Chemist: 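Let me begin by handing over the structure; questions about it come next.
The model shown is predicted, which means the values in this text are computed figures rather than measured ones. Computed over heavy atoms, backbone and side chain alike; hydrogens, waters and symmetry mates excluded.
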Amino acid sequence: LRLHVQDSVLGLPSVTDAVQGPLLDMGSGPGYPGVVLGVLTGRRVVLVDSVRKKADFLSSVLQALELEGEAIWSRVEELDDRFRHSAAIVTARGVSQLASLVELSAPLLVNRGTLVAYKARVSSEEIERAIGAAGLCGLELAERRPGALPSGEVREIVTFTKTGEPVIELPRRVGVAQRRPLG
């Protein structure tokens, strides 16, 4: 409860301030932060995980909690066209480097949509790479907000806003964003 739910809640202000529309949680795993944010905001949630057992579990969680949304067994890069430009918010917690998250979220976000990235430690180098990737992907750094859990663990919520179209073709092939991040 303290680690996962409270950590998920740290992104709530960014989600509340975002444009209206669905929330897509990439690499959702056991549903953090997507399920928690769906419960707290009432937004439709799309929970994406590349592991079938996790996606099946997430489907049962959505049904049990009577949350509007769906769980998808897929890699984010392989989502079909119905998810392009469909998410008001894309969340990612413990998934990848910021530059990769920027790239992966860009084709999914609506104009003025928000990427909400949960990070434990963010170096200035990681931020600079993410800003470079954002320029190529049609996003801009919006906010860096520190947060702390009752355990004393420090987190940072880093948000990017989609402000235009990418200058490169996205998504790139599966795994390329993680192996060769932009920026």
Side-chain angles (χ1 to χ4, degrees), residues 1-49 54-55 57-72 76 79 83 85-123 126-127 130-131 134 137 139-163:
L1 174 67
R2 288 187 178 147
L3 175 62
H4 299 300
V5 174
Q6 290 177 344
D7 191 28
S8 296
V9 172
L10 289 177
L12 184 61
S14 300
V15 171
T16 303
D17 292 344
V19 296
Q20 290 302 308
L23 180 150
L24 186 145
D25 187 23
M26 65 172 130
S28 197
Y32 301 113
V35 171
V36 174
L37 295 171
V39 167
L40 294 174
T41 65
R43 286 183 188 257
R44 181 179 192 283
V45 293
V46 177
L47 308 171
V48 181
D49 203 279
K54 292 178 183 178
F57 167 75
L58 292 169
S59 289
S60 66
V61 169
L62 291 174
Q63 186 176 17
L65 295 176
E66 298 179 1
L67 284 178
E68 182 185 354
E70 61 187 306
I72 309 281
V76 173
L79 287 173
F83 294 101
H85 311 293
S86 68
I89 302 153
V90 172
T91 56
R93 177 178 176 257
V95 175
S96 191
Q97 300 175 39
L98 279 173
S100 299
L101 298 177
V102 164
E103 177 181 343
L104 293 169
S105 67
L108 304 170
L109 287 167
V110 298
N111 189 39
R112 306 301 306 160
T114 304
L115 165 63
V116 180
Y118 291 68
K119 300 296 288 182
R121 293 181 187 91
V122 184
S123 68
E126 184 175 359
I127 289 290
I131 290 171
C137 296
L139 278 75
E140 291 180 0
L141 178 65
E143 179 182 32
R144 292 179 66 183
R145 188 170 36 81
L149 298 172
S151 64
E153 292 180 71
V154 176
R155 296 285 191 265
E156 188 169 349
I157 302 297
V158 183
T159 60
F160 287 83
T161 302
K162 185 169 184 179
T163 57

Chemist: Any side-chain heavy atom of Leu10 sitting closer than 4.5 Å to one from Leu149?
Modeler: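 In short, these two side chains touch, coming nearer than 4.5 Å.
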Chemist: Do you know which of Arg144, Arg93, Arg145 makes salt bridge (Lys or Arg N to Asp or Glu O under 4.0 Å) with Glu156?
Modeler: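 Of all the options given, the one that passes is Arg144.
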Chemist: Determine, step by step, whether Ile127 and Leu98 satisfy the side-chain contact (heavy atoms from CB on, under 4.5 Å) criterion, reporting the C-alpha distance in whole Å, the side-chain angles of both residues, the deciding distance to 0.1 Å, and the verdict.
Modeler: CA-CA 7 Å; Ile127 289 290; Leu98 279 173; 3.6 Å; yes
Chemist: Does Leu139 reach the side chain of Ser105, with side-chain heavy atoms less than 4.5 Å apart?
Modeler: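 In short, these two side chains touch, coming nearer than 4.5 Å.
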Chemist: Could you please spell out the steps behind the side-chain contact (heavy atoms from CB on, under 4.5 Å) verdict for Tyr32 and Asp7?
Modeler: CA-CA 9 Å; Tyr32 301 113; Asp7 191 28; over 6 Å; no
Chemist: Which heavy atom of Glu103 sits nearest to which heavy atom of Cys137, and what is that distance?
Modeler: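 Closest heavy-atom pair between Glu103 and Cys137: CA-SG, 3.8 Å.
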Chemist: So do Thr41 and Leu12 actually touch side chain to side chain, heavy atoms under 4.5 Å?
Modeler: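 Answer yes - side chains close enough.
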Chemist: Mind checking the OG1-CG spacing from Thr161 to Asn111? Nearest 0.5 Å is all I need.
Modeler: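 Result: 10.0 Å between the selected atoms.
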Chemist: Where do Ala71 and Ala55 come nearest, in terms of heavy atoms and distance?
Modeler: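 Closest pair (atom of Ala71, atom of Ala55, distance): CB-O, 3.4 Å.
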Chemist: Have a look at Tyr118 and tell me which of Leu101, Val95, Val158, Ile157 forms a side-chain contact (heavy atoms from CB on, under 4.5 Å) with it.
Modeler: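 Only one of Leu101, Val95, Val158, Ile157 forms a side-chain contact (heavy atoms from CB on, under 4.5 Å) with Tyr118, namely Ile157.
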Chemist: Write down the atom of Ser96, the atom of Lys119, and the distance for their closest heavy-atom approach.
Modeler: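 Result for this residue pair: O-NZ, 2.9 Å.
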Chemist: Determine the minimum heavy-atom distance between Ser8 and Leu37, stating which atoms define it.
Modeler: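 For Ser8 versus Leu37, the nearest heavy atoms are O-CD2, 3.7 Å.
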Chemist: Could you walk me through whether Arg44 and Leu23 pass side-chain contact (heavy atoms from CB on, under 4.5 Å), step by step?
Modeler: CA-CA 6 Å; Arg44 181 179 192 283; Leu23 180 150; over 6 Å; no
Chemist: Checking side-chain contact (heavy atoms from CB on, under 4.5 Å) for the pair Leu24/Val48: CA distance, chi angles, key distance, verdict?
Modeler: CA-CA 7 Å; Leu24 186 145; Val48 181; 4.0 Å; yes
Chemist: Please determine whether a side-chain nitrogen of the Lys or Arg among Glu68 and Arg43 lies less than 4.0 Å from a carboxylate oxygen of the Asp or Glu.
Modeler: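 Salt bridge absent between Glu68 and Arg43.
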Chemist: Counting distance only, does the side-chain N/O of Ser28 pair as donor-acceptor with the main-chain N or O of Asp49 below 3.5 Å?
Modeler: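 Checked: no pair found.
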Chemist: Evaluate the side-chain proximity of Thr114 to Val19: yes if any heavy-atom separation is below 4.5 Å, no if none is.
Modeler: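 Contact flag for Val19/Thr114 side chains = no.
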Chemist: Among side-chain atoms of Thr91 and Asp25, is any donor-acceptor pair under 3.5 angstrom?
Modeler: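 Per modelled atom types, Thr91 and Asp25 side chains form a pair under 3.5 Å.
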Chemist: Provide the closest heavy-atom pair for Glu140 versus Ala134 in the form atom of the first, atom of the second, distance.
Modeler: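 Looking at all heavy atoms of both residues, the shortest contact is N-CB, 4.4 Å.
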Chemist: Do you know which two heavy atoms are closest between Phe57 and Pro30, and how far apart they sit?
Modeler: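 Phe57 and Pro30 have their closest heavy atoms at CE2-O, 3.8 Å.
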